[in-house]
Amino acid sequence: MNAKDFKVVNKSVRKIDALSLALGKPSFVADYKAADALYVKMLWSPHAHAQIKAIDISAAEKMPGVKAVLYYGNVPRVAHCTAGQGYPEPSPYDTFMFDKKVRFVGDRVAAVAAETPEQAEAAVKAIKVDYKVLQPVLSIDEALADGAPIVHDEPDATIPIPVPYEPKKNIVANIGMDIGDLEKGLKEADFMFDRSYETQYAQHTPMETYVSYAYIDSRGRIVIVTSTQVPFHCRRIVAQCLQIPVGQIRVIKPRIGGGFGSKQEMLLEDVVALMTQRTRRPVFWEFTREENFMTGRTRHPIRFRIRMGVKKDGHLTAFGMDALSNTGAYGGHGLTVIGCCGSKVLPLYHADHVHFTGKVVYTNLPVGGAYRGFGATQAFFAVESLMDEMAEAIGMDPLKFRQMNHIRSGEGSPVFEALGEGKKGVPMTIGSCELDECIRRGAKEIGWDQRGDWRDKTGRFRRGIGMACLMQGSSVPEIDMGAASLKMNEDGSFNLMVGATDLGTGSDTVLGQIAAEALGTTIDKIIVYSSDTDMTPFDVGAYASSTTYLSGEAVRKVAEKVKTQILNTAAEMMEKPVGDLEVRDGHVVSRDGGDISFTDVSLYSLYQKNQFQIMDTASHITHKSPPPFSAHFVEVEVDTLTGKVKVLRYVAAVDCGTAINPKLAEGQTEGGVLNGISYALTEEYLFNAKGRMTNASLKDYHIFSMRDKPPIKAILVPSYEETGPYGAKSVSEICINGAMPSIANAIYNATGARLFETPFTPEKVWRALQARPA
Amino acid sequence: MSDQQKIRFLLNGEPKEFQASANEKLLTVLRREGVKGPKHGCGEATCGACTVLLDGQAVYACILYAFQAAGREVTTIEAVGDFDRPHPFQTALVEEGAVQCGFCIPGMILSAKALLDENPTPSDEDIKMHMDGNLCRCTGYEKIEAALHKVIARNAKGGAR
Ligand code: FES
Ligand code: FES
């Protein structure tokens, strides 16, 4: 199925915005700020949990340059959810623009807009707040303890869909499913395991922090230029918060400096919109790096209990996962992330009895959000670690053990139907799956046969090889929608308008390639314009690995419709039956050798006869979420004296269906892998006893640099997904999931030490080395 | 506002005069004056998004006081290449698919330019040390390195710029 005769798709055409970005042309939100814009500064809560007894903004209001101060007393109180998701959201409405209560260090207290950042900062310092400090909830255990302080005791916190939500018990979500009987499965096993794992708080840290800019246009509407992954959801949530019609707001996403999930959130836009509405001045707000850490979104720390049973022959009798997630002070992505721990991980391996529970709790710590991998990252660490342990118990090569049990083309999993987003899922049979080939090629590349046994390794520095298998999804089936419109110009070029949101991933290029392929033209003829709520059709935005698969199919559909218009027009011009015509290289050609250019077709349609605009719109929803699959391999060196782990090389073989743009798909893979390595080894929020993050700087929160980086080899293993545009599935998220488990397994292969807690700092590794049985 | 002073320096080859207060950073002044190539990524000398050249050396404009540039030459990405004639590293970055979000890229290019101007064929170790101050969260650096190696290979063949 792979050998399709593509002209534009499956080619590494140049990313359409690459040169202008490399030339440093103004492209980002901050580059568009008007010289007379006001600057916003926020007073953030210094307490993890407190009631605001009194607040006095009068001195701040009189400070030089100050144009507006916002706090709970002068803004609408509207319970909402900042997570940008479908509507109604599968998340609690537990957030207010400003509230009388603060729920984490870094929660909003009051905002100032002033002529200069210094003036705004000075005014923030002049706001007087009298806090009643409450006992904070600083861990999962504290959240669930009897008599625990209640993070959300306000009566107006609700959830807009019918799922369990018990804020009085600090419980955000509580889901589960059973297929068969886990206990029975465990009894039937020759070996049964019951293990616990725990992952840490971490952050996306895009190089561009959160930033938004708003102004009033000549007709009095609010325009928000913002670094967002979800322009349409952002518009809807801002309208909700300001209680104005959606039509009064235009959201524009220019180029943005990375997102990785963090910007699937409305965190600044309500404030800049209200400030500009009140002052009639342009308003600009950019987070400092410290603010980005303290108040921006994070990866949920999750605790797992994994129970699995295996027969001596490698057959899995039981597969149970109990996941307990800390969503911090607000519950935006709580339910959906914990759901993906199950739905994106459990289907990878067949087992007789499957069990899942997911519980999410509030604490007075930073807020969990969407982060590339979305729950699967944390869960694969647990499951893939245990897969290795089981393989060793039954004396089977971990690679063969996985090959024996993983899902294949033509197979389904009851989990797909059982677990959805706040409701039942959608049943699915796997179409394309080249996981076996990923495993074969990755193993060969890393030299799997040479890995040896840790018991035979000696010396201070010991090397080991580990691996992990992964899957993800492509869009949220029967919920997410993407749309595109396409218009032909008189020189044979086309305007492609998409709501889809390019975060730097290259989706504008990929969608342009899909349009060019369908139209029989070249990528330079496609003028892509994306993510402007006034100008482009709707799209849910960039999340859930949806853009290529979902929005890409909307683009393919609209391009087919426009092609039909072109062919019909050409048939009229050439006086030939339309069935004899086809598009090729920017021309319409007929079987008998007739040939007219797109330019001629367009000139005819616009100026000559039966004039009309060649143009159309198409929408797409999916009924499947076909998983990409991947096998990751890593070689590490462990310093047994200090516990320091060095990654020597990394191989990621990935089946993303047809790679629409192979170089960009490799780039997604390599970037995801390095982020995963950095997350596995160093990245971690540290807190003091009062719940304040103590390392909110890139000095102290270490993300990998070019010097830290091991060689990373991305191998694209082609498959053809019949339901995707030209056979494509997703590629953006999956490869962040592999580093943690494969490195854990490599550390074991090097030393015999098993890691159950992340990240794998020298101290943790050293302790695990000491804990090895003698 | 009272501590405003005049600062003169050569910006991208042209003599310029700016008003700036004593504690203002070069990045703030440049961006205020419409030079948007240098980016604000951290403001604390940790990411490299703000990198400019000061007398040919790569520096963080976010921690450099504007007055420290007085009388010297500042080069920003605006002076490196254009659509018709990009710098070889810019071309290589585009060809290799190394530009994802592009936020780190101007800084990367200026750091690499400082390195290549001094030594057209640096070693792998030189590269890793020199580029350590420019963080990229999107690419995993693989393709940025590949682009750099492409330029260096061309330089080694005698195609020095
Ligand atoms: S903005 Fe200057 S180093 Fe980050
Ligand atoms: S390309 Fe996005 S930070 Fe480097």
Side-chain angles (χ1 to χ4, degrees), chain A residues 12 14-15 17-28 30-31 33 35 204-209 211 255-260 286 288-290 292 503-506 661-664 666-675 677 697-699 703-709 711-714, chain B residues 1 21 28 31-32 34-49 76-78 80-83 86-87 89-91 93-110 127-145:
Chain A
S12 293
R14 291 180 183 192
K15 188 159 165 289
D17 50 356
L19 183 56
S20 62
L21 289 166
L23 293 169
K25 300 292 173 203
S27 310
F28 299 92
D31 303 345
K33 179 182 77 70
H204 328 61
T205 67
M207 287 298 101
E208 178 199 46
T209 57
V211 54
R255 298 296 91 192
I256 77 169
F260 315 110
E286 176 181 56
T288 63
R289 184 53 65 180
E290 183 184 20
N292 214 77
L503 317 179
T505 50
N661 186 312
K663 275 226 158 96
L664 294 180
E666 285 171 13
Q668 285 300 306
T669 304
E670 293 154 2
V673 163
L674 192 68
N675 190 332
I677 294 174
S697 151
L698 289 171
K699 268 197 270 303
I703 71 172
F704 270 37
S705 71
M706 196 182 283
R707 182 152 63 123
D708 301 324
K709 173 195 85 73
I712 299 166
K713 176 137 180 105
Chain B
M1 298 271 161
S21 60
T28 314
R31 290 193 60 89
R32 186 169 64 221
V35 182
K36 307 284 193 184
K39 306 293 175 206
H40 173 268
C42 70
E44 48 190 25
T46 55
C47 77
T76 70
I77 192 70
E78 279 78 1
V80 185
D82 212 331
F83 282 110
H87 185 278
F89 186 42
Q90 286 168 322
T91 306
L93 286 167
V94 172
E95 286 171 357
E96 290 302 307
V99 181
Q100 288 194 28
C101 80
F103 200 79
C104 69
I105 294 293
M108 288 280 176
I109 292 169
L110 287 160
I127 295 172
K128 286 201 186 270
M129 294 304 287
H130 188 86
M131 301 300 287
D132 189 45
N134 290 83
L135 297 178
C136 172
R137 193 60 151 170
C138 298
T139 63
Y141 308 99
E142 279 292 325
K143 302 218 178 308
I144 296 176
E145 270 188 336

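Naming: A, B, ... by sequence-line order, numbering from 1 per chain.
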In terms of heavy-atom pairs under 4.5 Å, which option from Lys33(A), His204(A), Arg255(A), Glu290(A) contacts chain B the most? His204(A)

So does Glu670(A) pair up with Lys143(B), basic N to acidic O under 4.0 Å? yes

For Gly102(B) and Phe28(A), the nearest pair of non-hydrogen atoms, with its separation, is C-CZ, 3.9 Å

Sole candidate of Lys39(B), Arg137(B), His40(B) that passes side-chain contact (heavy atoms from CB on, under 4.5 Å) when paired with Met207(A): Arg137(B)

Which atoms of Arg32(B) approach chain A - backbone, side chain, both or neither, heavy atom under 4.5 Å: neither

Partner residues of Gln668(A) under the side chain to side chain contact (heavy atoms under 4.5 Å, CB included) criterion, sequence neighbours left out: Arg372(A), Thr505(A), Val731(A), Ser732(A), Gln100(B)

Under the side-chain contact (heavy atoms from CB on, under 4.5 Å) test against Met706(A), which residue among Met131(B), His130(B), Met129(B) passes? Met131(B)

Charged N-O contact under 4.0 Å between Asp82(B) and Lys25(A): yes

Between chain B and each of Leu21(A), Asp31(A), Leu674(A), count heavy-atom pairs under 4.5 Å; write down the option with the most. Asp31(A)

Show your working on salt bridge (Lys or Arg N to Asp or Glu O under 4.0 Å) between Lys709(A) and Glu142(B) and close with a plain yes or no. CA-CA 9 Å; Lys709(A) 173 195 85 73; Glu142(B) 279 292 325; 2.6 Å; yes

Segment of Ile109(B) engaging chain A (4.5 angstrom heavy-atom cut-off): side chain

Would you say the side-chain atoms of Tyr141(B) pair up with the backbone N or O of Phe704(A), donor to acceptor, closer than 3.5 Å? yes

Can you list the residues that meet the side chain to side chain contact (heavy atoms under 4.5 Å, CB included) rule with Thr76(B), with sequence neighbours excluded? Leu11(B), Asn12(B), Leu30(B), Val35(B), Pro38(B), Val52(B), Val74(B), Glu78(B)

Considering all heavy atoms of both residues, which atom of Val94(B) and which atom of Arg14(A) are nearest to each other, and what is their separation? CG1-CD, 3.7 Å

Taking 4.0 angstrom as the limit, do Glu95(B) and Lys663(A) come out as a salt bridge? no

